[in-house]
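Bear in mind that the values here come from a model prediction, so they are computed numbers and not experimental data. So you know, we letter chains A, B, ... as the sequences are listed, proteins then strands, and number each from 1. Every heavy atom of this structure was used, including side-chain atoms; hydrogens, water molecules and symmetry mates were not.
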2 protein chains.
Amino acid sequence: MTPPTAPGIRARNRAAIETEIRRVARRHLAESGAAALSLRAVARDLDMVPSALYRYVASRDDLLTLLIVDAYDDLGDAVDAALGPLEDAAPRSRFVAIAETLRTWALEHPADYALLFGSPVPDYRAPADRTNASGTRVYARLLTLAAGLRTVPDLAGLDEATQLEGAAALDTLVRDPQVALTGVTPLVLQRALAAWHLVHGAVTSEVFEQLGPDVATDPVALFAATADLATAVLFGDAD
Amino acid sequence: MTPPTAPGIRARNRAAIETEIRRVARRHLAESGAAALSLRAVARDLDMVPSALYRYVASRDDLLTLLIVDAYDDLGDAVDAALGPLEDAAPRSRFVAIAETLRTWALEHPADYALLFGSPVPDYRAPADRTNASGTRVYARLLTLAAGLRTVPDLAGLDEATQLEGAAALDTLVRDPQVALTGVTPLVLQRALAAWHLVHGAVTSEVFEQLGPDVATDPVALFAATADLATAVLFGDAD
DNA sequence: CCGATCAGAGAACACTGTTCTTGACAGTTT
DNA sequence: AAACTGTCAAGAACAGTGTTCTCTGATCGG
């Protein structure tokens with residue numbers, strides 16, 4: 001009955017259930033947060049007994065890893081989608097696109113954002129071999145933008161020695177062959193990191209409501225100004 | 001036997017046990033993180049039965065609130081101590097002092113930092129009436145620094161319209177009488193927030209190792225450069 | 001000294017993650 | 001077609017959790 005090259009009933013069922021688990025788990029994550037993610041609750045939603053879940057997932061931590069990779073990929077996809085139409089645009093508008101995508105995605109998926117960029121889950125370390133590929137996608141995008149820069153804008157009031165020493169601390173990282181830093185100078189990398197930290201700090205503050213709710217009447221405009229500031233830090237009036 | 005005005009055995013015991021609970025709970029928090037903070041474990045360490053703890057603490061969340069206030073005050077004290085000798089120093093060096101104190105404190109108390117600035121604990125909202133006083137101390141310090149500024153440095157490459165719109169989003173906040181914003185203009189406030197976000201993003205990235213361990217050979221120098229950048233954003237070459 | 005108040009103990013309930021055993025079925029091999 | 005093998009799910013169990021009772025003493029104010 002089944003075509004000769006078919007995956008087989010078994011394999012197909014397994015794949016179906018695996019995606020189903022992911023789906024339910026992500027829903028639970030969104031609704032109750034990472035710390036409250038319960039295998040039993042997921043199992044209940046799937047009309048399964050808790051132990052049965054262990055056929056598909058090695059442990060709670062393993063499920064968490066799955067969700068982390070999923071979240072990283074979701075964010076990566078969102079960034080790629082935003083960057084697609086801007087392929088030939090100036091680096092600074094590409095940077096702004098990344099920043100605003102990060103913000104939008106974070107506000108839409110606060111639990112996922114917390115999972116990726118919030119406090120680390122205690123006694124859990126994400127296995128690098130499974131998360132790295134997805135986790136570095138956005139950073140890679142950022143680095144390609146910085147790679148085009150040979151110099152860095154000179155802001156009034158900067159202490160040159162402090163800046164140089166800070167950049168020097170990234171020297172070994174720049175030379176690390178594992179990180180594909182296509183000829184970025186330490187100074188540029190330090191600036192790019194700072195720009196990213198600025199964006200990131202702003203998003204975290206808004207998503208986690210660290211300054212309380214409703215700080216700004218127009219959060220979008222406020223963030224646009226912040227992102228604009230970040231581009232000024234990284235690109236100056238280049239382009 | 002007991003002096004007439006003595007607090008009485010009961011009251012004294014209670015006070016002693018209350019501080020003891022705080023002490024043990026903070027140790028557990030530091031060792032295992034907020035999510036793993038267990039009332040039963042704390043009780044065990046105090047040679048108490050779990051239910052006895054409920055004479056002193058209304059719930060686990062209540063204990064968490066206690067720890068949050070403690071942490072905020074600890075950070076506030078650290079910042080105040082760092083700022084003390086710099087009373088007459090330039091705002092920019094006071095800003096740097098706040099930034100570096102935040103970083104040092106965060107690295108020394110990562111669990112407390114995660115509690116205050118990391119992902120919010122699910123299904124827990126810190127009761128504002130108990131945390132506000134301690135929670136706003138550092139922000140108040142920051143604002144007094146910004147209050148001296150009448151204008152904001154003009155960075156090359158900034159889009160003026162974007163900046164103005166972003167600042168306008170803070171207009172109602174500036175006018176809010178509840179927040180004692182001693183005459184800070186929206187533009188200055190927006191810049192101050194950005195400077196803070198930059199510092200904050202850098203600290204979070206380092207404490208939570210979001211870019212992996214050992215990004216910089218000299219994290220202190222790297223952070224100094226970041227803080228320097230933040231002062232340039234906020235103060236320019238003023239002072 | 002006595003009744004009111006409070007501290008702590010102990011048991012219980014409803015949860016959690018995880019492991020082990022056991023029975024049923026699918027897929028493959030003979 | 002029969003026998004074997006690996007997979008799946010169920011069920012029970014263990015240790016842990018937060019929380020709420022009830023009950024016994026100790027401490028307090030009058």
Side-chain angles (χ1 to χ4, degrees), chain A residues 1-22 24-25 28-29 31-68 115 121-125, chain B residues 1-22 24-25 28-29 31-68 115 121-125:
Chain A
M1 265 302 137
T2 52
T5 58
I9 299 182
R10 225 107 123 200
R12 216 168 36 227
N13 272 358
R14 177 166 251 277
I17 295 187
E18 269 172 359
T19 65
E20 195 69 1
I21 290 177
R22 268 179 158 83
V24 172
H28 279 224
L29 177 71
E31 284 168 8
S32 352
L37 181 67
S38 151
L39 280 187
R40 290 184 114 101
V42 172
R44 262 196 303 275
D45 261 29
L46 292 166
D47 281 316
M48 272 188 179
V49 89
S51 56
L53 259 183
Y54 283 80
R55 294 281 152 190
Y56 301 92
V57 165
S59 66
R60 202 198 99 116
D61 284 1
D62 189 60
L63 179 57
L64 225 50
T65 305
L66 230 67
L67 294 182
I68 289 177
L115 193 58
V121 181
D123 296 324
Y124 169 81
R125 278 211 62 80
Chain B
M1 264 302 138
T2 51
T5 58
I9 297 184
R10 216 104 128 198
R12 216 169 36 228
N13 272 359
R14 177 162 251 279
I17 295 188
E18 269 172 358
T19 66
E20 195 69 1
I21 290 178
R22 267 179 158 83
V24 173
H28 278 224
L29 176 71
E31 285 168 8
S32 350
L37 180 68
S38 151
L39 280 188
R40 290 184 114 101
V42 172
R44 263 196 303 275
D45 261 27
L46 292 166
D47 280 317
M48 272 187 178
V49 88
S51 56
L53 258 184
Y54 282 79
R55 296 278 159 191
Y56 302 91
V57 165
S59 67
R60 204 198 97 116
D61 284 1
D62 188 60
L63 180 58
L64 225 51
T65 305
L66 231 67
L67 294 181
I68 289 178
L115 194 57
V121 180
D123 297 325
Y124 169 82
R125 278 211 61 81

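Among the nucleotides dC8(D), dT18(C), dG8(C), the one closest to any side-chain atom of Y56(B) is dG8(C).
Under 3.5 Å, the side chains of Y124(B) and T65(B) contain a donor-acceptor pair of N or O atoms.
Of all heavy-atom pairs between S32(A) and A36(A), the closest is O-CB, 3.4 Å.
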Between the protein and nucleotides 2-6 of chain C, are there any N/O to N/O pairs under 3.5 Å, and if so, what are the atom names and distances?
residue	atom	partner	partner atom	Å
dT5(C)	O2	R10(B)	NH2	2.7
dC6(C)	O4'	R10(B)	NH2	2.7

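L37(A) has its side chain within reach of L67(A): a pair of non-hydrogen atoms, C-beta onward, lies under 4.5 Å apart. Between L46(B) and I17(B) there is no side-chain heavy-atom pair separated by less than 4.5 Å.
Residue E18(A) contributes atom CD, which lies 13 Å from atom P of dT7(D) at whole-angstrom precision. To the nearest angstrom, P of dG17(C) lies 11 Å from CG of L64(A). Following rounding to the nearest Å, L39(A) (CG) and dG17(C) (P) show an atom-to-atom distance of 5 Å. Whole-Å rounding puts the H28(B) NE2 to dG18(D) C1' distance at 16 Å.
Using a 4.0 Å cut-off between charged side-chain N and carboxylate O, R14(A) and E18(A) make a salt bridge.
Within 4.0 Å (heavy atoms only), L37(A) reaches sugar-phosphate atoms of the nucleic acid but no base atom. At a threshold of 4.0 angstrom between heavy atoms, the contacts of L63(A) with the nucleic acid are absent.
With hydrogens and angles ignored, the 3.5 Å screen pairs no side-chain donor or acceptor of R44(A) with any backbone N or O of V49(A). A donor-acceptor distance shorter than 3.5 angstrom exists from the side chain of T19(B) to the backbone of A16(B), with no hydrogens or angles considered.
Checked by distance alone, R40(B) brings no side-chain donor or acceptor within 3.5 Å of a matching partner on the base of dG16(D).
Within residues 44-54 of chain A, the residues having any heavy atom under 4.0 Å from DNA chain D are, by residue number, M48(A), V49(A), S51(A), A52(A).
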In sequence, state the C-alpha distance, the side-chain angles, and the governing distance for E20(B) and Y56(B), and then conclude on side chain to side chain contact (heavy atoms under 4.5 Å, CB included).
CA-CA 11 Å; E20(B) 195 69 1; Y56(B) 302 91; over 6 Å; no
Would you check, one step at a time, whether the test side chain to side chain contact (heavy atoms under 4.5 Å, CB included) holds for I21(B) with L66(B)?
CA-CA 10 Å; I21(B) 290 178; L66(B) 231 67; 5.5 Å; no
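With DNA chain C read from its 5' end, the first of the two nearest nucleotides for A41(A) and A58(A) is the one closest to A41(A).
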